[in-house]
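Contents: one structure, followed by commentary.
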Amino acid sequence: MMAAPEDTRCRCKVCIKIRVTIDQILSILDIYGWLLDSYVVDFFEEKLWEKLPESWKCTLQDTPPREFGNWLAGDILCTRVWPLSLLALRQVTNVLQINRNHGDPASIVSCDSSKSADIEKDDTKFERDRKDTFDDLYSHDDKFNNLFSKHIKKKKRYEIQEIAQVCADCAYEANSKCIVDIGAGMGHLARILAFRYGLCVTCIEQDCTLLQQASKWDQELLMSVKKYIPDFCEKIPQHLSAKLESSNLDESELISHLQDLFQNSFNLNKTETKFGLVGLHPCGDLAPLLLQLYASRSEAKFICIVGCCYMKLTLKSEISGLKGYPLSKYLLLCKNHMLSYTSLEVACHAIEKYCDKLKTGNYEDLIVHTYRAALETILVKKNKKHSQLRNVKVAKGMTFQQYCVTATSNFDTHIQPEDSDIHNCEIKSYLNRWQQVIIFGSLRMMLAPLVETIVLLDRFLFLSEQNLSPTLKPVFDSRLSPRNLMLISKKSN
């Protein structure tokens, strides 16, 4: 592997270890990456089970999914004799992947150079604008607290509570009163940052309908808060409709617009309008775009992002041009390396929840993969390979026949219940192999964390190469929020 130029590589122990880890992961993917690149839908068509090592097939062909789930999760009580190569693969994936254990101090990865970039908190420059009355009500009055949970689903509510605290701490440490929430949706996070933490928040969202709903709920929350605190100092989030894309982004124009908005809406002077960038699950290329914006603009004081939808990243192999993945010069200069759409897609799932399903025997919904793979063999005969089907959740008792009829109901000539292809002996033999399909999918899930690790470490190195002191930490419980790793950076001046 070619290394990045000397003047861009951070020499701290953490970044050196990260580069070694990346090299090791790529070596593993050179051997087993075909598992990630395979479509489970092609399980029967491509005879994917036959491509497994012989020792794996001998052991796994009669391994119940429940037992495999326990083994995959590291249960030492599993007494089956496993192939050494499979044991080694599980061990190396556990060692190389980023620690996703929320609450474990050892899971925080920080560039050592960040120690010299710590920002001394100066209360004269920035003081959190929260009243004692507000804090007391928020902490002890359930009805008041519930005002901030209205319209928010349980998962999103949990994420917002966690990320808001991290963002507010970053704003405090960076002496920044302002935050730009990118892809703000209906403004749930922005309202917490504005009302609870007293920050000046501008939301950027391309969907005007969502912006209108966010503004409506801003006013609704303000009126509710004032019933408890009549003299509440309001800092309503501002909303900007924009679609941020690398191809047409004028950074200077965007920054100027944001600073004018902060000045006019929050009565700030120009020196107070430097801001932090926040993204809760920005989709695809939006996360790399935010990182590049943060790196290139002095007005951006800090960044907090939790990425998602890795399969929507634009994959690049040259340093010049638009960037999605990879971002770091270290990986850009790595020849013959690229992640596939399928590997990036599987990296968006939570291996913890997957193992829980297997261990508890609650994997009936996974049988849909067997149904889909069997149906694919029928569709190939009808010249409809990899056709877009209706999404069907296999409920208990749903037959393959019912699945086929429902899944193809969007076709001009959808499959009929009496179709002979559904009832032939070959299809029946495929359906009897449902455990193999689940095991094969589980092997892919075992490797999936390595893909997310590469994507996130690439972003980490991108910041470290520009002396921007990155930190990676799991801010959510991965069982509640699968994409739980936040990338954080604060500038020293």
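Please read these numbers as outputs of a predicted model, since none were measured by experiment.
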Donor-acceptor pairs under 3.5 angstrom involving side-chain atoms of residues 210-221: please list them, not counting sequence neighbours.
residue: Ser215; atom: OG; partner: Leu211; partner atom: O; Å: 3.2
residue: Trp217; atom: NE1; partner: His151; partner atom: NE2; Å: 3.3
residue: Asp218; atom: OD1; partner: Arg191; partner atom: NH1; Å: 2.9
residue: Asp218; atom: OD2; partner: His239; partner atom: NE2; Å: 2.6
residue: Glu220; atom: OE2; partner: Lys150; partner atom: NZ; Å: 3.4
residue: Glu220; atom: OE2; partner: His151; partner atom: NE2; Å: 2.9

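- Summarising the geometry, atom OG belonging to Ser224 is positioned 12.0 Å from atom NZ belonging to Lys226; distances are rounded to the nearest 0.5 Å.
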Check step by step if salt bridge (Lys or Arg N to Asp or Glu O under 4.0 Å) holds for Lys357 and Asp365. CA-CA 10 Å; Lys357 279 188 175 185; Asp365 61 323; 2.5 Å; yes
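- Ala350 pairs by the side chain to side chain contact (heavy atoms under 4.5 Å, CB included) definition with Arg100, Glu352, Lys353, Pro482, not counting sequence neighbours.
- Between the side chains of Glu159 and Ser481, at least one donor N or O sits under 3.5 Å from an acceptor N or O.
- Listed here is the closest heavy atom pair of Val14 and Ser110: CG2-O, 3.2 Å.
- Looking at Asn101 and Ser107, their side chains never bring a donor and an acceptor atom within 3.5 Å of each other.
- Qualifying side chain to side chain contact (heavy atoms under 4.5 Å, CB included) partners for Lys154, counting only residues two or more places apart in sequence or in other chains: none.
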The test is side chain to side chain contact (heavy atoms under 4.5 Å, CB included); show your working for Thr453 and Ile25 and say whether it passes. CA-CA 9 Å; Thr453 295; Ile25 291 176; 3.7 Å; yes
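- In this structure Asp250 satisfies the side chain to side chain contact (heavy atoms under 4.5 Å, CB included) test together with Ser252, Glu253, sequence neighbours excluded.
- You'll find the ring centres of Phe144 and Phe148 inside the 6.0 Å limit.
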Give the C-alpha distance, both sets of side-chain angles, the deciding distance and a yes or no for side chain to side chain contact (heavy atoms under 4.5 Å, CB included) between Val225 and Met223. CA-CA 6 Å; Val225 170; Met223 297 301 294; over 6 Å; no
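- Checking Tyr228, Tyr138, Phe232 one by one against Phe195, the ring pair (Phe, Tyr, Trp, His ring centres under 6.0 Å) holds for a single residue, Phe232.
- Taking the side chain to side chain contact (heavy atoms under 4.5 Å, CB included) definition, one finds that Ala184 meets it with Asp181, Cys203, sequence neighbours left out.
- Side-chain contact between Ile305 and Leu291: present, with at least one pair of heavy atoms (C-beta onward) separated by less than 4.5 Å.
- Phe302 and Cys170 make their closest contact through CD1-CB, 3.6 Å (heavy atoms, listed as atom of the first residue, atom of the second, distance).
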Could you walk me through whether Asn362 and Thr360 satisfy the side chain to side chain donor-acceptor pair (under 3.5 Å) test, starting with their C-alpha distance in whole Å, then the side-chain angles of each, then the deciding distance to 0.1 Å, before giving a yes or no? CA-CA 5 Å; Asn362 185 29; Thr360 59; 4.9 Å; no
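- Under a 4.0 Å N-O distance rule, the pair Arg479/Asp356 qualifies as a salt bridge.
- Residues Glu272 and Lys177 are paired through a salt bridge, judged by an N-O separation under 4.0 Å between the basic side chain and the carboxylate.
- Within the model, atoms CD1 of Ile192 and CD1 of Ile160 stand 6.5 Å from one another, a figure rounded to the nearest 0.5 Å.
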Could you go through the side chain to side chain donor-acceptor pair (under 3.5 Å) check for Asn145 and His140 one step at a time? CA-CA 8 Å; Asn145 194 312; His140 301 104; over 6 Å; no
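- To the nearest 0.5 Å, atoms OG1 (Thr21) and CG (Leu26) are separated by 10.5 Å.
- Note: Trp71 and Phe68 have tilted aromatic rings, judged against thresholds of 30 and 60 degrees for the angle between ring planes.
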Give the C-alpha distance, both sets of side-chain angles, the deciding distance and a yes or no for side chain to side chain donor-acceptor pair (under 3.5 Å) between Asn484 and Ser478. CA-CA 6 Å; Asn484 71 328; Ser478 59; 4.6 Å; no
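- Ionic pairing of Lys359 and Asp75 is not present here: no N-O contact between side-chain nitrogen and carboxylate oxygen is shorter than 4.0 angstrom.
- For the residue pair Asp104/Asn99, the side-chain donor-acceptor check at 3.5 Å is satisfied.
- In summary, the side chains of Glu299 and Thr273 do not present any donor paired with an acceptor at a separation below 3.5 Å, with no hydrogens or angles considered.
- Tyr310 and Glu452 form a side-chain donor-acceptor contact under 3.5 Å, judged by distance and modelled atom types alone.
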N/O donor to acceptor pairs below 3.5 angstrom from side-chain atoms of residues 27-39, sequence neighbours left out:
residue: Ser27; atom: OG; partner: Asp23; partner atom: O; Å: 3.1
residue: Asp37; atom: OD1; partner: Ser340; partner atom: OG; Å: 2.5
residue: Ser38; atom: OG; partner: Trp34; partner atom: O; Å: 2.6

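- Counting only heavy atoms from C-beta outward, the side chains of Arg19 and Leu461 approach each other to under 4.5 Å.
- The side-chain tip of Lys491 points at the ring of Tyr294 from less than 6.0 angstrom away and within 45° of straight on.
- For the residue pair Ile438 and Pro65, the shortest heavy atom distance occurs at CG2-CB, 4.0 Å.
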Would you please test Glu205 and Ser241 for side chain to side chain donor-acceptor pair (under 3.5 Å) and show each step? CA-CA 5 Å; Glu205 171 58 51; Ser241 176; over 6 Å; no
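- The distance from the CZ atom of Phe266 to the SG atom of Cys200 is 5.0 Å, given to the nearest 0.5 Å.
- For the atom pair Ile163 CD1 and His281 NE2, the distance stands at 7.5 Å (nearest 0.5 Å).
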Stepwise side chain to side chain contact (heavy atoms under 4.5 Å, CB included) test for Leu450 and Val92: CA-CA 10 Å; Leu450 295 183; Val92 78; 5.8 Å; no
